[in-house]
Amino acid sequence: MLKKNNRLKSKKAFIATYKNNNVINSEMFILHIGKNKTDKNCPTRVGFVVSKKVHKRAVKRNRIKRLLREVIRLMYKSNDTSTIDNYQSLIFTAKKEALEKTYHEVKNDILILLNKLAKKNIQ
RNA sequence: AAAAGUCGGCUGAUAAUUGCGCACCACAAUAUAUAACGGUGUGAGGAAAGUCCGGACAGCCAAAAUAGCAAGUUGCUUGGGAAAUCCAAGUACCCGUGAGGGUGAGGACAGUGCCACAGAAAAGUAGAAUGCUAAUUUGCAAUACUGCAAACAGCGAUUGUGCAACGGCGAGGUAAGAGCUCACCGCUGAUAUUGUGAAAUAUCAGGCAUGGUAAACCCCUGCUGGCUGCAAGUUUGAAUUUGCAAGAAGGUGCUAUUUCCGCUUUUUAUAAAGCUUGCAUAAAAAAACGCAAAAGACAGAUAAUUAUCUUAUUACAGAAUCCGGCUUAUACCCGACUUUCUGCC
RNA sequence: CGGGACGUAGCGCAGCUUGGUAGCGCACCUCGCUUGGGACGAGGGGGUCGCAGGUUCAAAUCCUGUCGUCCCGA
């Protein structure tokens with residue numbers, strides 16, 4: 001689980017992130033990117049969405065969320081967040097392909113996503 | 001042995017590293033009630049699910065005894081239970097070779113409806129299609145007995161239709177037949193005995209009068225104030241709207257003390273100051289409580305990785321106001337008792 | 001979390017109240033009409049009535065359970 005400062009919570013924040021219309025896809029996830037930061041001290045906030053359309057049962061949806069949180073958490077722990085730091089908010093949305101995957105599969109998929117993000121940043 | 005039946009148990013453990021929610025404690029900082037770090041404790045289920053019942057709790061409406069009407073609901077008996085489409089033991093019926101299992105188990109002489117097609121007829125002591133008839137009347141043959149034919153009538157046995165045809169079967173009886181009579185069985189009623197009771201057993205009587213359907217309307221019986229559900233509801237709160245008076249203008253998902261983007265005033269410029277206040281009114285953003293005897297939030301914790309043990313990296317599956325039930329979904333393993341149409345000895 | 005609807009032919013819908021025959025439009029197939037196509041006319045095929053159990057002589061319809069889809073309440 002992430003620390004409180006790094007969680008995206010309010011409904012307004014979610015809507016504002018979606019409205020920014022900056023999206024990257026991977027095999028398992030969709031990443032919505034918020035606005036660039038204006039203040040470097042403000043923490044980046046991350047939200048996770050797994051809709052009921054992915055799976056009907058809450059257990060399997062929770063499992064996906066937990067794996068996602070764990071990947072992001074370990075990134076913060078190892079200070080490997082340079083690709084993220086410029087944004088106010090991020091939202092990870094799971095696709096159906098994310099079902100029944102192990103931790104390592106999820107981690108690799110997210111690394112691919114973040115590489116795409118870094119390339120976009122350079123451009 | 002195999003195949004079954006009934007009743008249960010379990011729903012992984014340990015260690016290491018990295019983490020999260022909540023409660024309490026301590027410390028410092030800002031500053032006077034809070035965030036991070038630290039310590040201690042604690043942290044999903046047998047179904048948490050479906051929301052099918054019953055409550056607690058809350059608000060609104062109605063009303064207080066009692067009675068009636070309406071509405072809803074219950075439906076074999078006894079006991080348990082706050083209550084229940086609840087539980088236990090029994091009764092009756094049904095299913096199974098059996099151990100056992102199942103049951104929405106009052107009433108179809110209170111009334112109404114329906115029973116397609118077929119069939120004469122689908123409930124009205126109905127009807128004569130296929131049929132039966134040595135009675136009665138007439139005709140013919142004949143001494144007569146009798147035979148043949150027709151009429152009037154009798155019949156509900158036979159054939160046929162149908163899920164279902166007005167008790168079943170046998171004997172007597174009769175022109176042919178018929179509970180018309182009798183035995184047995186079924187049904188209905190009464191009495192006696194046993195049992196708390198549902199009922200059971202026995203005896204007697206009736207003479208069949210009562211087709212099915214109430215998960216059709218309904219009737220009877222017992223019970224119940226009704227409706228809405230924690231998005232119930234309670235409290236705090238004063239952003240904002242409108243009007244009046246003064247007035248320069250604010251904006252945003254977050255961070256913003258006017259610190260970011262803008263605006264106004266003053267000033268050559270840097271820069272500085274300011275971006276509301278009071279009264280009345282409308283509406284109700286938001287927060288807390290509700291909501292926790294050791295889970296308990298509000299984008300929502302209970303986790304991730306590795307190793308060892310093990311059947312177990314595994315089935316079904318994630319608390320959201322709280323309890324009592326029911327129903328449904330469930331992998332592997334373990335225990336106890338029981339049965340036999342079956343196979344072998 | 002609570003409340004409420006709906007599952008019938010490839011698609012969109014009737015029928016369910018009051019149980020016995022599953023029907024309508026578009027689409028599809030065949031034939032006709034046309035030089036050819038469309039339109040039009042005639043004929044035809046296609047449905048475990050979401051699934052399972054029960055009541056009944058008989059269930060799309062009545063009852064119970066279950067699966068799925070959708071809507072409403074901040």
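The chains referred to below are lettered A, B, ... by the order of the sequence lines, with proteins before strands, and numbering in each begins at 1. Because only heavy atoms are used, hydrogens play no part in the values below, and waters and symmetry mates are left out as well, while side chains stay in.
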Please report the distance, rounded to the nearest Å, between [atom1] in [X] and [atom2] in [N].
{"X": "A/Lys60", "N": "B/rG318", "atom1": "NZ", "atom2": "C1'", "answer": "13 Å"}
{"X": "A/Phe92", "N": "B/rA299", "atom1": "CZ", "atom2": "C1'", "answer": "15 Å"}
{"X": "A/Asn62", "N": "B/rG300", "atom1": "CG", "atom2": "P", "answer": "12 Å"}
{"X": "A/Ile64", "N": "B/rA303", "atom1": "CD1", "atom2": "P", "answer": "16 Å"}
{"X": "A/Arg63", "N": "B/rA301", "atom1": "CZ", "atom2": "P", "answer": "15 Å"}
{"X": "A/Lys65", "N": "B/rU302", "atom1": "NZ", "atom2": "C1'", "answer": "14 Å"}
{"X": "A/Leu68", "N": "B/rU305", "atom1": "CG", "atom2": "P", "answer": "13 Å"}
{"X": "A/Arg61", "N": "B/rA48", "atom1": "CZ", "atom2": "P", "answer": "19 Å"}

Would you measure the distance from the [atom1] atom in [N] across to the matching atom in [M] and give it in whole Å?
{"N": "B/rG39", "M": "B/rC289", "atom1": "P", "answer": "28 Å"}
{"N": "B/rC208", "M": "B/rC182", "atom1": "P", "answer": "12 Å"}
{"N": "B/rG318", "M": "B/rA48", "atom1": "C1'", "answer": "7 Å"}
{"N": "C/rU61", "M": "C/rG20", "atom1": "C1'", "answer": "11 Å"}
{"N": "B/rG168", "M": "B/rC217", "atom1": "C1'", "answer": "35 Å"}
{"N": "B/rA292", "M": "B/rA23", "atom1": "P", "answer": "10 Å"}
{"N": "B/rG170", "M": "B/rC185", "atom1": "C1'", "answer": "12 Å"}
{"N": "B/rG107", "M": "B/rU210", "atom1": "C1'", "answer": "13 Å"}

| said: Any non-hydrogen side-chain atom of A/Phe29 less than 4.5 Å from a side-chain atom of A/Ile64? | reply: yes

How should the glycosidic conformation of [N] be described, syn or anti, under the criterion that syn lies within 90° of 0?
{"N": "B/rA202", "answer": "anti"}
{"N": "C/rG32", "answer": "anti"}
{"N": "B/rG46", "answer": "syn"}
{"N": "B/rA209", "answer": "syn"}

G-U wobble or Watson-Crick pairing nucleotide for [N] (cut-off 3.5 Å, both distances):
{"N": "C/rU48", "value": "none"}
{"N": "B/rA3", "value": "B/rU339"}
{"N": "B/rG113", "value": "B/rU213"}
{"N": "B/rG225", "value": "B/rC61"}
{"N": "B/rG19", "value": "none"}
{"N": "B/rA83", "value": "none"}
{"N": "B/rA231", "value": "none"}
{"N": "C/rG19", "value": "none"}

| query | Could you state the interatomic distance from CG (A/Leu113) to CG (A/Asn25), rounded to the nearest 0.5 Å? | reply | 8.0 Å

| Shared hydrophobic cluster for A/Leu68 and A/Ile112 (ILVMFWY, side-chain gaps under 4.5 Å) | no

| query | Would one find a side-chain N or O of A/Arg66 under 4.0 angstrom from OP1 or OP2 of B/rU302? | reply | yes

